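Remember, it's a predicted structure, so these values are computed and weren't measured experimentally. Here is the naming used below: chain letters follow the sequence lines, and residue numbers restart at 1 for every chain.
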Amino acid sequence: MRIDTQLEIDLRQAIKNAQTAGTLPEFEIPEVSIEKPRDPENGDYATPTPLRLAKLARMAPVKIAQAIADQMTALDYLGEVAVAAPGFINFRLSSAYIQGLVEQILEKGMDFGSINIGAGKKAQVECVSANPTGPITLGRTRGGVMGDTLARAMRAAGYDVTLEYYYNDAGRQITMLGESVKTRYLQQCGQDIELSDEHYQGAYITDIAEELFQQHGESLQDQPSDYFGDIAKDQISQHQKESLKSINIEFDVYFRENSLYEDGQVWEALGILEGKGYVYEKDGAKWFRTTDFGDDKDRVIVKNTGEPTYRMPDIAYHWNKAQRGFDLVVDFFGPDHHATAPQVLMGVQALGYDTSFVRTVLHQIVSLVRSGEQLKMSTRRGTYVTLDELVEEVGPDPIRYFMISRSGNSEIIFDLDLAVEQSDKNPVYYIQNALVRCAGIFRKWEEAGYAPDADKDADLSLLTHENEKRFLLKALELSNVLELMVDESAPHHISFFAYELASMFHPTYETCRVLHSEVPEDVRLARLRFYRAAKQLFARVLDLMGMSAPEVM
RNA sequence: GCCCCAGUAGCUCAACGGAUAGAGCGCCGGACUUCUAAUCCGUAGGUUGGGGGUUCGAUUCCCUCCUGGGGUACCA
């Protein structure tokens, strides 16, 4: 049981007890809350509940607080219960409870901090969803890291999560892709032919064409551009998967847009919208009456060519998600899709579904800085930086960390120099170095000839240093962080937590030595136990962030 | 015009309606015979863009205005 949840239950019971004892009047008890005070002077936990009860009880908040506090003095996990103006009750955990966290962390291992607010509910996280027409870009990477990190948090919070990638494997873009590759191929064959502005200009197109030329010579010249499109799309798609895997993102499902056509769901959904009167024809196109749902203008869903716009399959896809029975769906969208998300939900609503099961998480752009200079990027000119290039330059861990180092609502300025800097200025190294320092203690320990498991029965009551206590209290916050991440669909909280945990660790490492000669033997064993737990906890937190946990750097 | 996001310390950003608004960087000043100084300790720094409102209490919620960014396709 989470200690703050326990405290909430006991607080509620204390209010009841005070009412029974007559120190509080009878009233229906509203929601009570436990929070972490910002200032540690105000206890490890606190509640402002007496302030909220003032009206109901018709008493001064401080008196209410005292009446409740009097009922909570016997709880064994609490060391102190204090009333503070203007009506807070501050709680301090007992030393024994805090020291006992060391064993809790070691017992739970990679499940430490897990909660069960998901209770096995089916959830889906959709992110990246780039079309197979080019490499993964930085913007898509951000969505991917955010989505994957949230998925990890949701799993740790008891959800049954499917991580899903949706991509367009047919239609105009693939046609353009095929034409682009074919053109490059024909150039290889010596033909005088140029790409148009609409074609994909990137060097990867030429690479694919060159490879085809090397394998098949000039024998493919009469193949239609669809032939080239199919090959290119499969190759690029495969490459995207590998790129994402290199930063520890692996999808459970790759959902093909074309399957919505093959199964007829696009036309079926359109038929329902038409049947309900949400569609009208104008200028040879079919328009979806989004103004019925608060949009400022109606939107085309079938072009005058008879081909649906991207909105129609997007709506069908979300209709499909609804039918698959997800209790919760989280979609990540980059800045270029901010406007379309609401329209898709309008479609799902028009199809007769309550859209509250879908949450859309928007994020802002990522820009790169090197030597203090902002790098100019343009997708059209093909001068963008790809995920692969970034992995090659800085490695996967800094990418994972910095992509969730800000709230999605803030722009990220990715500093290429900082990302590889090996110092306390770089949070990635700062955090990982905490685990490295723990590992170092264990190496030296065994070198000094001690038994590897000498700490297993250590007397944890010897962990009396304030720094050790602060670290363990911070560890206790992991559950709250996971809950917050899931409630807000906001993965960035874990990066702040990891940093704070490290900043509690390093001072402890400086002050609470293990192998130094002046440390008494029993304290030495207790501290070794502590660092064993600390190491375990960093491994846990790094795993939640999809980062590696190196023992040496 | 309309929609979304942002505006908090010199800079980059946190802060699930609570107490004296916090970190990092930068600045300034300190600390290594002993587990990696890849680190630690300390000082300074604020009218939370402006103005109203709701509340016992607002950076947080509501209204309005200002500034910056993005979007506003019969592209996806």
Side-chain angles (χ1 to χ4, degrees), chain A residues 33 35-39 41-42 46-48 51-52 54-55 61 84-88 90 129-131 133 167-168 171-173 176 198 257 282-287 294-297 299-305 307-311 313-314 334-342 362-365 405-413 415 418 421-427 429-430 432-434 436-445 447-448 480-481 483-485 487-488 490 492-493 495-496 499-500 503 505-511 513-519 527-528 531 552-553:
Chain A
S33 69
E35 41 198 61
K36 274 216 65 112
R38 283 203 270 244
D39 186 346
E41 285 297 303
N42 293 325
T47 180
L51 289 165
R52 300 200 187 118
K55 268 188 188 164
F88 290 93
N90 299 335
S129 297
N131 287 335
T133 54
Y167 67 103
N168 180 354
R172 187 185 143 75
Q173 305 216 19
M176 286 298 132
E198 285 185 295
E257 177 178 335
K282 192 180 86 181
D283 305 331
K286 289 186 178 177
W287 297 69
D295 206 354
D296 60 331
K297 57 187 167 195
R299 310 284 171 169
V300 172
I301 47 170
V302 180
K303 304 178 213 173
N304 57 19
T305 59
E307 205 184 355
T309 63
Y310 64 91
R311 288 184 195 96
D314 277 1
D336 48 341
H337 288 68
H338 282 190
T340 71
L362 310 180
H363 65 81
Q364 303 295 326
I365 60 168
S405 66
R406 301 277 179 262
S407 137
N409 291 332
S410 290
E411 178 183 350
I412 287 180
I413 299 170
D415 187 331
L418 179 63
E421 185 169 318
Q422 305 205 350
S423 81
D424 59 329
K425 285 182 197 163
N426 179 357
Y429 279 83
Y430 186 74
Q432 288 179 326
N433 189 40
V436 169
R437 285 182 134 182
C438 292
I441 295 172
F442 288 98
R443 269 198 307 278
K444 292 277 175 185
W445 178 264
E447 275 169 33
N480 304 69
V481 170
E483 184 175 13
L484 190 58
M485 290 168 77
D487 281 353
E488 295 184 348
H492 70 280
H493 289 110
S495 68
F496 285 89
Y499 187 86
E500 286 163 13
S503 73
F505 173 86
H506 289 296
T508 312
Y509 180 89
E510 300 281 334
T511 51
R513 298 279 162 162
V514 177
L515 291 162
H516 287 197
S517 53
E518 77 279 5
V519 180
R527 288 182 178 173
L528 191 68
Y531 287 110
V552 279
M553 288 201 288

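Regarding contacts with the backbone of B:A15, a side-chain N or O of A:His492 is found under 4.0 angstrom from either OP1 or OP2. For B:C40, the OP1/OP2 oxygens have a side-chain nitrogen or oxygen of A:Tyr430 closer than 4.0 Å. In terms of phosphate contacts, A:His363 brings no side-chain nitrogen or oxygen within less than 4.0 Å of OP1 or OP2 of B:C5. In terms of phosphate contacts, A:Asn131 brings no side-chain nitrogen or oxygen within less than 4.0 Å of OP1 or OP2 of B:A76. For A:Ser410 and B:A14, the shortest distance from a side-chain N or O to OP1 or OP2 is below 4.0 Å.
Applying the Watson-Crick and G-U wobble criteria (two distances, each under 3.5 Å), B:U43 pairs with nothing in any strand. Nucleotide B:C13 is matched to B:G22 when pairs are restricted to Watson-Crick or G-U wobble geometry with both distances under 3.5 angstrom. Judged by Watson-Crick or G-U wobble contacts below 3.5 Å, the nucleotide B:U72 has B:G1 as its partner.
Looking at heavy-atom distances under 4.0 Å, A:Leu418 makes no contact with the nucleic acid at all. Among the heavy atoms of the strands lying under 4.0 Å from A:Arg437 are primed sugar atoms or P, OP1, OP2 only; no base atom is included. Residue contacts for A:Glu198: at a heavy-atom cut-off of 4.0 Å it reaches no nucleic acid atom on any strand shown. Using a 4.0 Å heavy-atom criterion, one finds that A:His493 contacts the sugar-phosphate atoms exclusively. Counting any heavy atom pair closer than 4.0 Å across all strands shown, A:Lys55 reaches sugar-phosphate atoms only and no base atom. Contact annotation for A:Phe88: base contact, defined as any heavy-atom pair under 4.0 Å involving a base atom. No contact: A:Ala490 has no heavy atom under 4.0 Å from any strand.
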Query raised in the report: Can you give one letter per nucleotide of nucleotides 68-74 of chain B, going 5' to 3': B for a protein heavy atom under 4.0 Å from the base, S for sugar-phosphate only, - for none?
Result: --SSSSB

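Map A:Ser423 and A:Ser407 each onto its nearest nucleotide of RNA chain B; the residue landing nearer the 5' end is A:Ser407. A residue-by-residue look at A:Asn168 and A:Arg52 shows that A:Arg52 has its nearest nucleotide of RNA chain B further toward the 5' end.
Base orientation for B:C32: syn, the chi torsion being within 90° of 0.
Comparing the C1' positions of B:G7 and B:U12 gives an interatomic distance of 14 Å, to the nearest angstrom. Taking atom C1' in both B:G50 and B:C2, the straight-line distance is 24 Å, to the nearest Å. One C1' atom belongs to B:G52, the other to B:A15, and the distance between them is 25 Å to the nearest Å. Taking atom C1' in both B:C63 and B:U54, the straight-line distance is 11 Å, to the nearest Å.
Here the nucleotide nearest the side chain of A:Tyr429, chosen from B:A38, B:C56, B:A76, is B:A38. Distances were taken from every side-chain heavy atom of A:Arg406 (C-beta onward) to each of B:A14, B:C56, B:U36; the shortest belongs to B:A14.
Here the side chain of A:Arg311 pairs no donor or acceptor atom with the backbone of A:Thr340 at under 3.5 angstrom.
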Polar atom pairs (N or O), protein with nucleotides 23-34 of chain B, under 3.5 Å:
residue	atom	partner	partner atom	Å
B:G26	OP1	A:Lys425	NZ	2.7

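Donor-acceptor pairing under 3.5 Å is lacking for the side chains of A:Thr309 and A:Arg299.
Between the side chain of A:Asn90 and the base of B:A19, a donor-acceptor pair under 3.5 Å is found.
Counting all heavy atoms, side chain and backbone alike, A:Leu51 lies closest to A:Pro86 at CD2-O, 3.7 Å.
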